[in-house]
Amino acid sequence: MSGQLTLRHISKSFAHRRVLQDVSLTVRPGEKVGVVGENGSGKSTLLRLVAGVEVPDDGEVTVVANGIGHLGQVLDLPDGATVGDAVDAALADLRSLERRLVAAAEEQRLGEYGDLLTAFELRGGYAADARVEAARSALGIGGIGRDRRLGTLSGGQRARLALAGVLSAEPELLLLDEPTNHLDEDALRWLENRLLAHRGTVVVATHDRLLLERVATAIVEVDGDRRTIARYGNGYAGYLAERKAARQRWEQAYARWTGEIGHWTEWRGTTAHRVAPGRPIPDHNKCKYNGDGRRVQASVRTRVRSASERLERLRADPVPRPPEPLRLTAPLDAAVREGVVLELAGVEVGQRLPPTGLTVEAGQRLLVTGPNGAGKSTLLAVLAGVLEPDRGTVARHGAVGYLPQETVVTRPRQPVLAAFGGSAERLAALGLFREADFATPVGALSVGQQRRLALARLLRTESDVLLLDEPTNHLSLALVEELEAALADYPGAVVVASHDRMLRQRWNGYELGMGS
């Protein structure tokens with residue numbers, strides 16, 4: 001089957017920063033492709049290149065489709081425009097197709113009329129406005145009138161309006177950038193069903209693992225460090241399986257390489273010299289004995305030189321050491337310590353956190369849920385001691401590890417290694433940064449890289465209790481899966497605030513709901 005969209009040797013840079021380097025990709029008609037990668041890796045750029053919003057510096061983009069719908073992360077219309085204007089903009093392609101259809105009918109261009117009618121009906125053109133209203137209702141914005149100014153809408157309402165429009169246009173190729181943002185559980189289920197039912201091709205950049213698990217038939221991972229992309233078949237499960245298999249192959253290759261280094265090093269120092277060990281002079285023939293000795297020494301030199309050359313070749317093409325599995329550490333007695341590690345009594349923070357009492361015991365798992373603005377981040381900041389409450393008391397027993405929702409860069413010129421606060425060997429072992437990036441100023445890191453640095457600092461320390469505010473934000477999904485595995489093995493107490501549906505579905509512990 002031919003490709004519906006094809007990227008050939010694409011490269012793209014912004015402000016002296018290369019985002020994609022010589023990448024190629026083919027997506028076939030009807031595929032539903034999930035694009036994954038940490039924030040700042042280039043996922044949005046990839047979609048904008050396919051949509052024609054951006055032009056590659058090098059390479060070629062080819063798209064063959066009856067309509068392209070591109071949902072960016074923001075609704076690109078002025079505040080003075082209306083909801084109706086946004087709908088018309090989303091359906092502009094269909095409106096144009098309809099006008100051409102009418103003109104062809106009036107001018108009796110029957111062949112062109114037939115082609116246009118087929119294209120219009122394939123996209124359900126006659127029912128487009130009805131689909132918009134149904135989508136708006138499903139996304140919780142059906143009560144907003146078409147005369148309402150966009151400037152009066154919240155960011156979430158604008159995002160849902162844009163999503164309703166692009167889906168209702170029924171383009172053959174859908175390009176969606178983080179469409180799950182601002183959606184509640186009902187809207188998310190509606191979106192999943194809508195994408196499953198889409199008769200064309202879908203390319204969706206998302207961090208929502210449940211959506212990928214339920215919808216995606218293939219995964220494309222964007223690596224921001226290497227500026228490359230890799231494609232994995234068989235949906236999200238296939239992506240995880242192939243990542244695991246690749247890790248096993250890496251470990252095996254490293255074991256073979258280190259084994260050969262050890263073998264040839266030992267052989268050069270010992271076995272190579274075990275040629276014609278000392279023996280008595282036969283028949284008092286010193287000449288022959290000395291000649292044999294010279295031949296033995298020549299053989300030894302040859303063997304040593306051969307082993308040295310073998311070692312040089314091995315060291316010239318080394319296999320890097322695989323990173324260690326992520327491990328969250330606690331003091332030695334944390335696993336057996338009993339009692340309370342955190343306690344709040346009558347804590348209140350202005351309008352951000354109503355009077356709250358909470359007790360967290362050693363080893364307890366607590367998931368904090370609730371809508372945005374319910375006070376989840378405020379609660380964790382108070383527990384961590386980075387925010388003083390207006391009223392109430394906070395008691396902490398033991399070391400606290402805290403991962404805030406957003407990373408604040410206070411020393412942008414500080415190199416990554418210095419900001420990590422540990423040894424180069426320890427940072428390299430985590431596998432979160434390449435050694436070539438250790439000297440990079442923190443201010444030059446992408447959002448995802450800054451999040452990795454914050455995670456690295458957390459992994460460096462020992463904590464009796466971990467406070468994690470949206471820990472899966474901005475990270476690659478492979479790293480998110482590793483972090484969840486590390487949390488499962490961590491013996492201390494854990495308090496997590498998260499909107500991540502997969503994390504919440506897998507959660508094995510208590511839950512604290514906040515807000516309405």
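Residue numbers count from 1 along this sequence.
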Apply side-chain contact (heavy atoms from CB on, under 4.5 Å) to the pair Phe420 and Leu430, showing each step before the final yes or no. CA-CA 11 Å; Phe420 171 63; Leu430 293 175; 4.0 Å; yes
Walk me through it: do Val400 and Leu383 pass the test side-chain contact (heavy atoms from CB on, under 4.5 Å)? CA-CA 9 Å; Val400 175; Leu383 288 170; over 6 Å; no
Go through the steps to decide whether Val203 and Val50 satisfy the test side-chain contact (heavy atoms from CB on, under 4.5 Å), and finish with yes or no. CA-CA 10 Å; Val203 180; Val50 175; over 6 Å; no
May I have the step-by-step check of side-chain contact (heavy atoms from CB on, under 4.5 Å) for Val19 and Val222, ending in yes or no? CA-CA 10 Å; Val19 180; Val222 183; over 6 Å; no
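The heavy-atom pair separating Val36 from Thr206 by the smallest distance is CG1-O, 4.0 Å. Between Ile261 and Leu311, the shortest heavy-atom contact is O-CD2, 3.7 Å. Summarising the geometry of Ala399 relative to Asp464, their closest heavy-atom pair is N-OD2, 2.6 Å, with the distance given to 0.1 Å. Heavy atoms only, all atoms of each residue included: Ala216 and Gly34 are closest at CB-N, 4.0 Å. His499 and Arg504 get closest at one heavy-atom pair: O-NH1, 3.6 Å. Shown here for Arg396 and Gly385, the closest heavy-atom pair between the two residues is NH2-CA, 3.0 Å.
Around CZ of Arg321, the count of heavy atoms belonging to other residues, nucleotides or ligands within 6.0 Å does not exceed 12. Crowding of Glu185 atom CD: a count of heavy atoms from other residues, nucleotides or ligands under 6.0 Å exceeding 12. The 12-atom threshold is exceeded at CG of Asp390, counting heavy atoms of other residues, nucleotides or ligands nearer than 6.0 Å. Counted within 6.0 Å of OH on Tyr510, heavy atoms from surrounding residues, nucleotides or ligands total 12 or fewer; the atom is thus considered open. Enclosure of atom CZ in Arg391 is not indicated, since only 12 or fewer non-hydrogen atoms of other residues, nucleotides or ligands lie within 6.0 angstrom.
Using a 4.0 Å cut-off between charged nitrogen and carboxylate oxygen, Glu221 and Arg243 count as a salt-bridge pair. Ion pairing between a basic and an acidic side chain is recognised when a charged N comes within 4.0 Å of a carboxylate O; Arg426 and Glu324 show such pairing. A salt bridge is defined here as a Lys NZ or Arg NE, NH1 or NH2 lying under 4.0 Å from an Asp or Glu carboxylate O, and Arg256 with Glu260 fails to meet this definition. At a threshold of 4.0 Å, the pair Arg249-Glu242 counts as salt-bridged, since one of the basic side-chain nitrogens sits closer than that to a carboxylate oxygen. Salt-bridge check for Arg209 with Glu481: passed, with a basic side-chain N closer than 4.0 Å to an acidic carboxylate O. For the pair Arg501 and Glu213, the salt-bridge criterion is not met [side-chain N within less than 4.0 Å of a carboxylate O]. Using a cut-off of 4.0 Å between Lys/Arg side-chain N and Asp/Glu carboxylate O, Arg452 and Glu38 are scored as salt-bridged.
Without hydrogens or angle criteria, Lys376 side chain to Thr369 main chain gives no donor-acceptor distance under 3.5 Å. A donor-acceptor distance shorter than 3.5 angstrom exists from the side chain of Thr329 to the backbone of Thr461, with no hydrogens or angles considered. With hydrogens and angles ignored, the 3.5 Å screen pairs a side-chain donor or acceptor of Arg160 with a backbone N or O of Gly156. Put simply, the side chain of Lys43 gets close to the backbone of Gly37: a donor and an acceptor are under 3.5 Å apart. Side chain of Trp250 to backbone of Pro320: a donor-acceptor contact under 3.5 angstrom is found. The backbone N or O of Arg189 lies less than 3.5 Å from no partner atom in the side chain of Arg214, so there is not a single donor-acceptor pair. Within the 3.5 Å criterion, the main-chain N or O of Asp57 finds no donor-acceptor partner in the side chain of Ser11.
Taking OG of Ser24 as the start and CD1 of Ile229 as the end, the distance is 7.5 Å to the nearest 0.5 Å. Note: Asp469 CG to Tyr402 OH = 5.5 Å, rounded to the nearest 0.5 Å. From Asp208, atom CG reaches atom OH of Tyr236 across 10.0 Å, with rounding to the nearest 0.5 Å.
Counting only heavy atoms from C-beta outward, the side chains of Arg8 and Thr62 approach each other to under 4.5 Å. A 4.5 Å side-chain heavy-atom check between Leu212 and Leu477 finds at least one atom pair inside the cut-off. Residues Leu432 and Leu479 meet the side-chain proximity criterion, which asks for heavy atoms closer than 4.5 Å. Looking at Leu328 and Leu459, their side chains come closer than 4.5 Å, going by heavy atoms from C-beta outward. Here the side chains of Val27 and Gln4 are not in contact, with every heavy-atom distance at 4.5 Å or above. Val416 is not listed as a side-chain neighbour of Asp437, based on a closest heavy-atom distance of 4.5 Å or more.
Considering Arg352, Glu406, Glu470, Gln405 as possible partners of Ser377, the one that fulfils the side chain to side chain donor-acceptor pair (under 3.5 Å) test is Gln405.
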